[in-house]
Amino acid sequence: MDATLAGHLQELRRGTVVVASLTVLRTPGYGYSLLETLSRAGFEVEANTLYPLLRRLEAQGLLTSEWNTDEARPRKFYRTTEQGETIAETLRGEWKRLDTAIGDLSTGSDPISSDPVNSDPVSSDSISSDPINSDLGSDQ
Amino acid sequence: MTSLVDRYVFTALRRIPEQQRADIDRELRASIEDAVDARVDSGETREAAVESALTELGDPERLADRYAGRPAFLIGPDLFPLWRRLLTTLLWTVLPIVVTVGVVAQILDDPEIGKIIGGAVTGLITVGAHLCFWVTLVFAIIERTGAGKADISARWSLKDLPKYEAHRATLGQLISGVVWATLLIAGLVLQQFTFTDVPVLDPANWAFWWPVLIALLVLRIFYHVWVHRVGGWTRAVAVVNAVLTVAYTVPLVWLLATDRFFNPEFHGFLDVEGADVRSWLSGILVAVLVVGGLWDIVTTAWRAERARRGLPTKIPGTGGYHY
């Protein structure tokens, strides 16, 4: 794959694993099961990223964990907390908003560009409010 | 005998804080076993499954860094610009001073060219390495502990924008140049009569060198007025400045070096435990004259060259962390 494309894809996907994990773990699950679920769902995530991420989300209070020793192999089960669910809800809303906004930009570009009076305010507005960049900035 | 899994887990845990180890140990082993089982179920041998599962998990030290939330860099993008600015500023200010002091001390001690160059190079490398190391160490500690990070990586504001010299010579430069030359002439004449009972400088030079020096200083005054009227730093200005500077530096250095500068009858030098203060003072004056003269010639030529190309020259001391 083209290195430039790979870099941009990585940028775009960064953060989606958090939303996906918080969403999946509404029903309790352990590290490897979550890894399987996510990769079946089409999220490219590696074990060495996911396992530390789960502990970080737990430290932030978005997940809670419990050791299940009922089976032969004891496993640490994670579950999304109320706070985690609230945040996941907000993140999913943001994801939808971005999806809609990008959809609007790509489908609405033709009629707007044909109208020079309307095109200026729309394009400058969407750049100056800049929700994408400011979110990325505060995330890091 | 330790298994591959044991070796992997031990290696990862070594770099994880003690209080998290037991929990991560259990969880990591369970996750590895799960992955191995899944691979065995899909037809791999157990040995191959362990190998591929661990290979996929990757470098255990990297995994440990991620578990511990440690940054995988020494100085991050927040601190990097400040680190770069501070280090360049320090290197540019401290190294010239160290080399100059070292060279002067060596000249006074044993003026042999090999020792002078060797000392300068050694000093340059030693002090440079120390500066780089300690500054980087302090920044790496700040990066890891986060102490004071908010203070020093303060937001950039317009106040941090550097100022640039006008290509015109300013009135301030004219006045300071004229006043300085006038003071030197006055000092040279007055020391003969008023400051001390016996003149500090050798009166024999009134036969030739002191009048020459006064004439050169008067020329210097005319030079400053001329620069101001020309209005800026041109190549002609740079050349005249270089000629004038060489014209008074060379005779003065020669007088100092051949011990004809100070009055042999003057014994008012501080007596520092029998040390030859007069020759020390001569050495220091030679160094100041040579370094100062070179500095003046180079900076004027530099200004002229930048003015000719229309490039701005930053005023030292402006622009945030710059000095």
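Naming convention: chains lettered A, B, ... in sequence-line order (proteins, then strands); numbering from 1 in each chain.
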Can you give the donor-acceptor pairs under 3.5 Å from side chains of residues 15-23 of chain A to other protein atoms, not counting sequence neighbours?
residue	atom	partner	partner atom	Å
Thr16(A)	OG1	Arg13(A)	O	2.6
Ser21(A)	OG	Val17(A)	O	2.8
Thr23(A)	OG1	Val19(A)	O	2.6
Thr23(A)	OG1	Arg92(A)	NH1	2.8

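- Around CD of Gln60(A), the count of heavy atoms belonging to other residues, nucleotides or ligands within 6.0 Å exceeds 12.
- More than 12 non-hydrogen atoms from other residues, nucleotides or ligands lie less than 6.0 angstrom from CZ of Arg308(B).
- Within 6.0 Å of the CD atom in Glu46(A), the count of heavy atoms belonging to other residues, nucleotides or ligands does not exceed 12.
- Under a cut-off of 6.0 angstrom, the local environment of CD in Glu82(A) is sparse, with at most 12 non-hydrogen atoms contributed by other residues, nucleotides or ligands.
- Here NZ of Lys76(A) is found 7.5 Å from CD1 of Ile24(B). Values are rounded to the nearest 0.5 Å.
- Only the side chain of Arg73(A) has a heavy atom closer than 4.5 Å to any heavy atom of chain B.
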Compile the donor-acceptor pairs under 3.5 Å between side chains in residues 64-72 of chain B and protein atoms, sequence neighbours left out, one pair per line.
residue	atom	partner	partner atom	Å
Asp65(B)	OD1	Arg15(B)	NH2	3.0
Asp65(B)	OD1	Arg70(B)	NE	2.8
Asp65(B)	OD1	Arg70(B)	NH2	3.1
Arg66(B)	NH1	Asn48(A)	O	3.3
Arg66(B)	NH1	Asn48(A)	OD1	3.0
Arg66(B)	NH1	Thr49(A)	OG1	3.4
Arg70(B)	NH1	Arg15(B)	O	3.1
Arg70(B)	NH2	Arg15(B)	O	2.5

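- Close approach to chain B, defined as a heavy atom under 4.5 Å from one of its heavy atoms, is seen in Trp67(A), Thr69(A) of residues 62-72 of chain A, taken by number.
- Proximity to chain A (any heavy atom under 4.5 Å) is shown, for Asp23(B), by both the backbone and the side chain.
- Scanning residues 26-49 of chain B against chain A with a 4.5 Å heavy-atom cutoff picks out Arg26(B), Glu27(B), Ala30(B), Ser31(B), Glu33(B), Asp34(B), Ala35(B), Asp37(B), Ala38(B), ordered by number.
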